[in-house]
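Reading through the structure tokens given below for one structure.
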There are 2 protein chains.
Amino acid sequence: MKHKNVIALASRITEKAHRLIIRELEAHGIDGIVPSHGDILVNLLNGEKYTMKDLAEKIHRTKPTVTVLIDKLVDFGYVTKIKSNEDSRVTFVELTEKGLGLKPSFMEISEKMNAIVYKDLSDKEAEFIEAVLGKINRNLDE
Amino acid sequence: MKHKNVIALASRITEKAHRLIIRELEAHGIDGIVPSHGDILVNLLNGEKYTMKDLAEKIHRTKPTVTVLIDKLVDFGYVTKIKSNEDSRVTFVELTEKGLGLKPSFMEISEKMNAIVYKDLSDKEAEFIEAVLGKINRNLDE
DNA sequence: CCTTTATTATTAGACATCTAACTATATGGC
DNA sequence: GCCATATAGTTAGATGTCTAATAATAAAGG
């Protein structure tokens with residue numbers, strides 16, 4: 001019990017993973033996209049449409065943040081906003097054709113990431129570490 | 001090998017830990033300080049003085065970022081900047097008395113954080129998870 | 001020496017993110 | 001039916017962070 005640096009490691013891993021994702025996206029010709037945009041797009045890749053609020057919850061960001069993120073994705077032509085008919089406060093977000101076209105790249109990047117992260121980890125180790133991280137994650141929900 | 005979400009967990013853990021740190025700092029009456037400021041201060045708590053560049057490396061941030069962070073810490077009166085005599089390009093940063101006074105709070109917060117993160121983890125589990133996270137962290141240094 | 005190259009730090013500009021405040025709409029109680 | 005309250009989304013303002021460019025100084029090579 002001498003080290004006590006799970007948080008520092010988690011932080012460094014998160015940042016390196018984010019940089020890797022951005023680098024890979026650029027390598028696939030996808031520019032100006034940060035991981036949060038990616039998270040949104042991944043959620044939309046099943047073809048469903050979601051409200052701004054739904055997306056905010058899914059990617060663990062606030063609504064104002066999602067407004068900005070989505071506006072950028074609209075500018076890039078990856079998604080469209082659709083006003084709800086039933087409740088005019090609500091805005092749905094849906095992938096465009098161009099957005100749907102990102103799927104192969106996203107799957108490749110995801111596989112590449114997993115190959116790096118889980119390199120030389122046995123299935124047992126992978127399972128164990130996810131279980132423990134899950135526990136720590138819950139512990140932090142004060 | 002079904003989950004594959006170490007990165008997502010690391011990301012959530014990092015963010016929750018950061019929020020917890022900020023909340024605890026405020027509870028100790030330390031306001032306007034984010035984890036990066038904390039990282040800098042923790043590094044200075046041994047009484048040594050470090051250059052801007054040193055600090056940037058220690059906290060894994062760029063030099064422009066550290067310039068901004070330090071300027072804020074100077075405004076708050078926690079640190080002072082001292083021009084080097086030997087090399088006039090170099091600026092040293094050192095804790096003030098007020099900065100030194102943060103030590104007890106920082107230690108308390110660190111202990112509280114460890115208590116939460118390592119709650120119901122055996123020593124063996126803690127050791128193992130840090131070893132595996134260390135491995136993943138290195139794997140990401142492409 | 002003097003010029004080129006390297007190094008330290010800052011400034012400028014961009015962006016994701018947050019909280020707080022605001023708008024607009026819906027819902028629920030009386 | 002109206003008014004209070006809740007909910008969805010945006011806008012405004014602040015801040016940490018980055019990259020690129022700049023300034024100032026040091027070191028190195030001819």
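Each chain gets a letter, A, B and so on, in the order its sequence line appears, and its residues count up from 1.
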Original post:
Which nucleotide in the list D:dT17, C:dT11, D:dT10 gets nearest to the side chain of A:Lys81?
Top reply: D:dT10
Original post:
Between C:dT8, D:dT11, C:dA16, which one does the side chain of B:Val90 approach most closely?
Top reply: C:dT8
Subject >> Short side-chain N/O contact from B:Lys83 to OP1 or OP2 of D:dA24, under 4.0 Å >> reply: no
Original post:
Taking only side-chain nitrogens and oxygens of A:Thr65, does any of them come within less than 4.0 Å of OP1 or OP2 of C:dT17?
Top reply: no
With distance as the sole criterion, do the side chain of [X] and the base of [N] form a donor-acceptor contact below 3.5 Å?
| X | N | value |
| --- | --- | --- |
| A:Arg89 | C:dT25 | yes |
| A:Arg61 | C:dT17 | no |
| A:Lys53 | D:dA8 | no |

**OP:** Take A:Thr65 and A:Thr62 through the test side-chain hydrogen bond (donor to acceptor under 3.5 Å, both in side chains) and record every step on the way to the result.
**Re:** CA-CA 5 Å; A:Thr65 298; A:Thr62 60; 3.0 Å; yes
[X] [atom1] to [N] [atom2], straight-line distance once rounded to whole Å:
| X | N | atom1 | atom2 | value |
| --- | --- | --- | --- | --- |
| B:Asp39 | D:dG16 | CG | P | 13 Å |
| A:Leu69 | D:dT10 | CG | C1' | 14 Å |
| A:Lys16 | D:dT17 | NZ | P | 17 Å |
| B:Ile70 | D:dT15 | CD1 | P | 17 Å |
| B:Ile82 | C:dT8 | CD1 | P | 18 Å |

Subject >> Geometric cation-pi criterion A:Lys58 and A:Tyr50, 6.0 Å radius, 45° cone >> reply: yes
Validation row: [X], [Y] side chains within 4.5 angstrom (heavy atoms):
| X | Y | answer |
| --- | --- | --- |
| A:Asp54 | A:Thr51 | yes |
| A:Met52 | A:Lys81 | yes |
| A:Ile30 | A:Ile33 | yes |

Touch check for [X], heavy atoms < 4.0 angstrom, all strands: base, sugar-phosphate only, or nothing?
| X | result |
| --- | --- |
| A:His37 | sugar-phosphate |
| B:Ser88 | sugar-phosphate |
| A:Ser36 | sugar-phosphate |
| B:Thr62 | base |
| A:Thr91 | sugar-phosphate |

Original post:
5'-most contact on DNA chain C: A:Asp87 or B:Phe92, nearest heavy atom basis?
Top reply: B:Phe92
Original post:
Hey, which of these two, B:Asp54 or A:Glu86, hits DNA chain C nearer its 5' end, going by closest nucleotide?
Top reply: B:Asp54
**OP:** Find which nucleotide of DNA chain D each of B:Lys72 and B:Lys63 is nearest to by heavy atoms, and output the residue with the more 5' nucleotide.
**Re:** B:Lys72
Subject >> Most 5' of A:Asp71 and A:Glu15 on DNA chain D, judged by nearest nucleotide >> reply: A:Asp71
Subject >> Positive for side-chain contact (heavy atoms from CB on, under 4.5 Å) with B:Leu44, one of B:Leu73, B:Leu102, B:Val79, B:Asp39 >> reply: B:Val79
